[in-house]
**Q** 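Have a look at the structure that comes next, please.
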Amino acid sequence: MGKFKTFRKETASKFKTLKEFFSNAYNKHIILMYIGVAVLITLIIEIMARTSLIGAIAFLISTPYVFICNALIVLMTMSITLLMRRRLFGFCLIGAIWIIFGISNCVLMVNRVTPFTAVDLMLIDSALQVMNKYFEVWQVVLCIIGIVLLIVGLIILFIKAPKVNHKIQYVRNLIGIVIIVIITFLALQLGLASKVIPQHFGNLRQCYTDYGFVYCFSNSLVNTGIRRPSDYSEETIKKILTGKSSKKKVEKKPNIIFVQLESFFDLKHMKGVKFSKDPCPNFTKMKQKYPSGFFNVPIVGAGTVNTEFEVITGMNLDDFGPGEYPFKTKLTDTSCESIAFNLKNYKYKPSVVHDNTATFYSRNEVYANLGFDIFQSIENIKHPTYTPMGWAKDYCLTHEILDMMDSTVQQDLIYTISVQGHGSYPDTNRYNYPVAISGLRDEEMKNQFEYYAWQVYEMDDFIKQLTDKLAKRKEKTIVVIYGDHLPTLGITAEDLDNKNIYQTEYVIWSNFKTKYKNEDVEAYQMESKILKPLRMTAGKINRYTQVNKDKLPESKYLKGLKALSYDQLYGDHLASDGKVPYTPTNMQFGIHPVSITAVVPLNDAEKNVYIYGRNFTEYSKVYINDEKVSTAYVDDTTLRIIRPGLQVGDAIQVYQQNSDTHVLSKTSPFKYAQENIPAYTTKHVKKKKKK
């Protein structure tokens, strides 16, 4: 007990000393303290970003002006505490926020290759969905404990920390804040004018390394969307849209299927690495037989929807702010030109097939704004199998694509998004890998690459399975196959024979003769490449690229593309006479609707109730009178619940959902009526239980 009292006294004494120090610092050396802390926080963030103290110090010494700009931004955010009575609390709160951002950046750089940007703050819901794929349970628990301790610490600091013990000179302090803001602004403008720091980024990871986390993150916070072109006007837009395109009648209307393979690329492009066998033999054969080339994508390691965005809309992501995800910003409430809307002019039925959750990256909202009519996601896919890391295997996509084609009368546009190759990749040898790899620097990396090669091998087999089945159908079909980006395996440009981490490859498979040629292509030019030989010119952006991609100098072509993209998403729709040309679709979730045909309570001890119907999956949940009930999935025609108090007239529904807040669809209410239970159902239930 005596030791505890001594400890309390010592702690109280230290806290009193700390209070006195900060009280004096406020009064005598406040500006020096602010500058010192801003520099220290900046240095700590750079140490985490580089996972190296020496690397951070080298950054400070080699580019002192850039480091000063980063520190000035931190100082500017902390300066607002000059107006607070609880100055120490505000000081620590803002500092903690910067440190948390720095930790987040460090974690993302390790796990997904790309750094932390402002848009990532909007991706928290998507991050939570995949957290268990990247972190062990103990790591998640440790993060939660850390967050709780931080919150508790801030609360204690708010209560215990000293207040400013003199009258705050608000006018003087406000002038001081304005001076700091002006100095920061002028320093940044001088850096931009002298090209010491850039306003627009190419390679995000490299820019964060070269120009510092604080500056790059702040840039991503304020530099969003497409900036208004200086010459934006009706006259300019009309000039951009001049040019002749093919006016020949559309003769062939093949089904068009895009297969976007998660993190897929040909590992044989890695230098100095050997394989026991080809990791993608079918893709290799296709490249030799069908039109193919390198596929330039806007991201590396993560951000699938940004490749998706370019392919679907024909817009160049370089025109947006650094690290931006239009699927999480503009497209959640805005419709624009897309290959789906364009092909509707030729009576196509546009749909999406994806073997992951519909809400990931807000696809459940965005696809309607892009003109798709049906969205078949994992919530409606029956009996998928999963990788050891918990991602659905792509084999299930073959059935879904064929089912989608069989369910429609007209020609199909099917945009398929794979997920099997998604990270993370285990660094221990837990499995019997089909492809052995040599030439990597250590055992952990070898295990990660062999696991990844295993997934590529199966994804490659899925491609063959799909094209073999399509080859047997009488319908003319084109399949565009490509990887969305390189995997999160730390691959650098020096590791590749093509020396470009922003390139995957594509193949255009078809079951009839086409006029496509081998060439490298940008992701935002793929739609026009596919539609031009088919004489399909619908859509201002599609037509512009078809006419001008090879005709104009690249800089002029890209300038016109940017103007058209701005006009559609942020401008006055001058290309369409001031009218919004696209209306969101009433998108259907699931190829086949879920329905209830019977509700059968059993007179047993558990009070089981069986719900019979069609197209149930493991994401089917029973609701009674709008109240969720614990649901057990039996098979695609049967669900089981426990409901002792089921009453005649209760309204029973089945929701397709991946969480209580993300309901994709629900059945019409089925009114329970005891006297209408079919006679055969009791026997049927016994058979089900036996199985």
Side-chain angles (χ1 to χ4, degrees), residues 241 243-260 286-287 289-293 295-296 307-315 336-353 370-374 401-402 404-405 408-416 463 466-467 470-471 473-482 505-551 557 561 564 581-582:
L241 293 175
K244 295 180 180 180
S245 61
S246 173
K247 293 184 179 180
K248 294 180 181 179
K249 185 179 178 182
V250 176
E251 295 177 359
K252 296 177 182 176
K253 287 187 183 180
N255 296 308
I256 301 174
I257 301 172
F258 286 86
V259 179
Q260 180 172 288
M286 286 183 183
K287 285 190 291 183
K289 185 176 179 181
Y290 298 98
S292 63
F295 190 61
N296 297 314
T307 298
E308 210 167 306
F309 168 78
E310 288 201 346
V311 174
I312 291 174
T313 65
M315 298 183 191
C336 68
E337 181 182 330
S338 69
I339 189 170
F341 278 124
N342 290 342
L343 287 183
K344 282 188 174 186
N345 289 281
Y346 306 102
K347 310 302 181 185
Y348 276 72
K349 184 76 170 178
S351 58
V352 177
V353 175
L370 291 175
F372 290 98
D373 292 329
I374 304 173
I401 291 170
L402 298 176
M404 187 76 77
M405 294 173 74
T408 58
V409 177
Q410 64 265 58
Q411 303 306 107
D412 286 291
L413 164 67
I414 303 177
Y415 200 93
T416 311
I463 295 169
L466 173 64
T467 52
L470 290 172
R473 298 173 71 99
K474 294 181 180 179
E475 298 175 87
K476 290 181 178 178
T477 302
I478 292 171
V479 184
V480 187
I481 304 165
Y482 60 89
E505 288 178 283
Y506 75 91
V507 168
I508 303 174
W509 179 95
S510 62
N511 58 1
F512 66 100
K513 188 175 181 180
T514 64
K515 297 180 181 178
Y516 302 114
K517 62 180 180 179
N518 294 340
E519 63 176 338
D520 298 346
V521 64
E522 300 286 344
Y524 56 84
Q525 295 170 346
M526 182 56 82
E527 172 194 0
S528 298
K529 178 177 176 65
I530 297 301
L531 299 188
K532 186 175 182 178
L534 301 176
R535 301 171 186 168
M536 297 179 180
T537 60
K540 299 291 192 298
I541 289 175
N542 171 44
R543 180 175 174 274
Y544 172 78
T545 294
Q546 287 185 7
V547 172
N548 297 296
K549 180 178 80 74
D550 300 320
K551 176 183 174 183
Y557 158 70
L561 181 61
L564 290 178
Y582 303 106

**Q** Does Ala538 offer a backbone N or O that forms a donor-acceptor pair with the side chain of Tyr346 under 3.5 Å?
**A**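 The answer is yes, because a donor-acceptor pair under 3.5 Å joins these two groups.
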**Q** Go through the structure and list residues passing salt bridge (charged side-chain N to carboxylate O under 4.0 Å, His left out) with Glu505, not counting sequence neighbours.
**A**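 Glu505 satisfies salt bridge (charged side-chain N to carboxylate O under 4.0 Å, His left out) with Lys287 once adjacent residues are dropped.
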**Q** Would a distance-only check, ignoring hydrogens and angles, find a side-chain to backbone donor-acceptor pair under 3.5 Å from Asp412 to Asn255?
**A**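 Absent.
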**Q** Is the closest basic N to carboxylate O distance between Glu519 and Lys529 below 4.0 Å?
**A**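 Looking at Lys529 together with Glu519, the answer is yes, because their closest N to O distance falls below 4.0 Å.
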**Q** Check the angle between the aromatic planes of Tyr482 and Phe258 and answer parallel, tilted or perpendicular using the 30° and 60° thresholds.
**A**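 Correct class here is perpendicular.
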**Q** Has the side chain of Tyr348 got a donor or acceptor atom that lies under 3.5 Å from a matching backbone atom of Phe341?
**A**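 Side chain of Tyr348 to backbone of Phe341: no pair is present.
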**Q** Is it true that a side-chain atom of Asn518 and a backbone atom of Gly293 form a donor plus acceptor pair closer than 3.5 Å?
**A**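 Here the side-chain-to-backbone pair does not exist.
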**Q** Can you find a heavy atom in the side chain of Tyr557 that is under 4.5 Å from one in the side chain of Asn548?
**A**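 Tyr557 vs Asn548: side chains touch.
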**Q** For residues Trp509 and Ala471, report the shortest heavy-atom separation together with the two atoms involved.
**A**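 Here Trp509 and Ala471 meet closest at CH2-N, 3.8 Å.
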**Q** Under a 3.5 Å distance rule, please check whether Ser528 uses its side chain to pair with a backbone N or O of Asn542 as donor and acceptor.
**A**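 Side chain of Ser528 to backbone of Asn542, a donor-acceptor pair under 3.5 Å: yes, one is there.
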**Q** Would you confirm whether Asn296, through its side chain, and Ala523, through its main-chain N or O, come within 3.5 Å as a donor-acceptor pair?
**A**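 Looks like no, no N/O pair under 3.5 Å.
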**Q** Examine distances only and state if a side-chain atom of Lys532 and a backbone atom of Gln546 form a donor-acceptor pair shorter than 3.5 Å.
**A**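 Yes; judged by distance alone, with no hydrogens or angles, the pair exists.
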**Q** Specify the closest pair of heavy atoms between Thr545 and Leu561, including all atoms of both residues, with the distance to one decimal.
**A**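 Minimum heavy-atom contact is OG1-CD1, 4.3 Å.
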**Q** Do side-chain atoms of Ser338 reach the backbone of Leu370 as a donor and acceptor pair under 3.5 angstrom?
**A**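 Yes; at least one donor-acceptor contact below 3.5 Å.
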**Q** Where is the tightest heavy-atom contact between Tyr506 and Lys517, given as atom of each residue plus distance?
**A**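 Taking every non-hydrogen atom into account, OH-O, 4.0 Å.
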**Q** Can you name the nearest heavy-atom pair linking Gln260 to Glu308, along with the distance?
**A**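 Shortest heavy-atom contact: NE2-OE1, 3.3 Å.
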**Q** Taking the side chain as everything from C-beta on, heavy atoms only, tell me whether Pro581 gets closer than 4.5 Å to Glu337.
**A**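 Side-chain contact under 4.5 Å: no.
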**Q** Any side-chain heavy atom of Ile312 sitting closer than 4.5 Å to one from Tyr415?
**A**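 Yes, close enough: below the 4.5 Å cut-off.
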**Q** Would a 4.5 Å heavy-atom cut-off, applied to side chains only, mark Ile463 and Met286 as touching?
**A**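 The answer is yes; the side chains approach within 4.5 Å.
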**Q** Is there a donor-acceptor contact under 3.5 Å from the side chain of Arg543 to the main chain of Leu241?
**A**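 Between the backbone of Leu241 and the side chain of Arg543 there is a qualifying donor-acceptor contact (under 3.5 Å).
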**Q** Between Tyr524 and Phe309, does the ring-ring contact (aromatic ring centres under 6.0 Å, His included) criterion hold? Intermediate values first, please.
**A** CA-CA 8 Å; Tyr524 56 84; Phe309 168 78; over 10 Å; no
**Q** Where the side chain of Lys344 meets the backbone of Gly371, is there a donor-acceptor pair that is under 3.5 Å apart?
**A**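 Yes, Lys344 side chain to Gly371 backbone: donor-acceptor pair under 3.5 Å.
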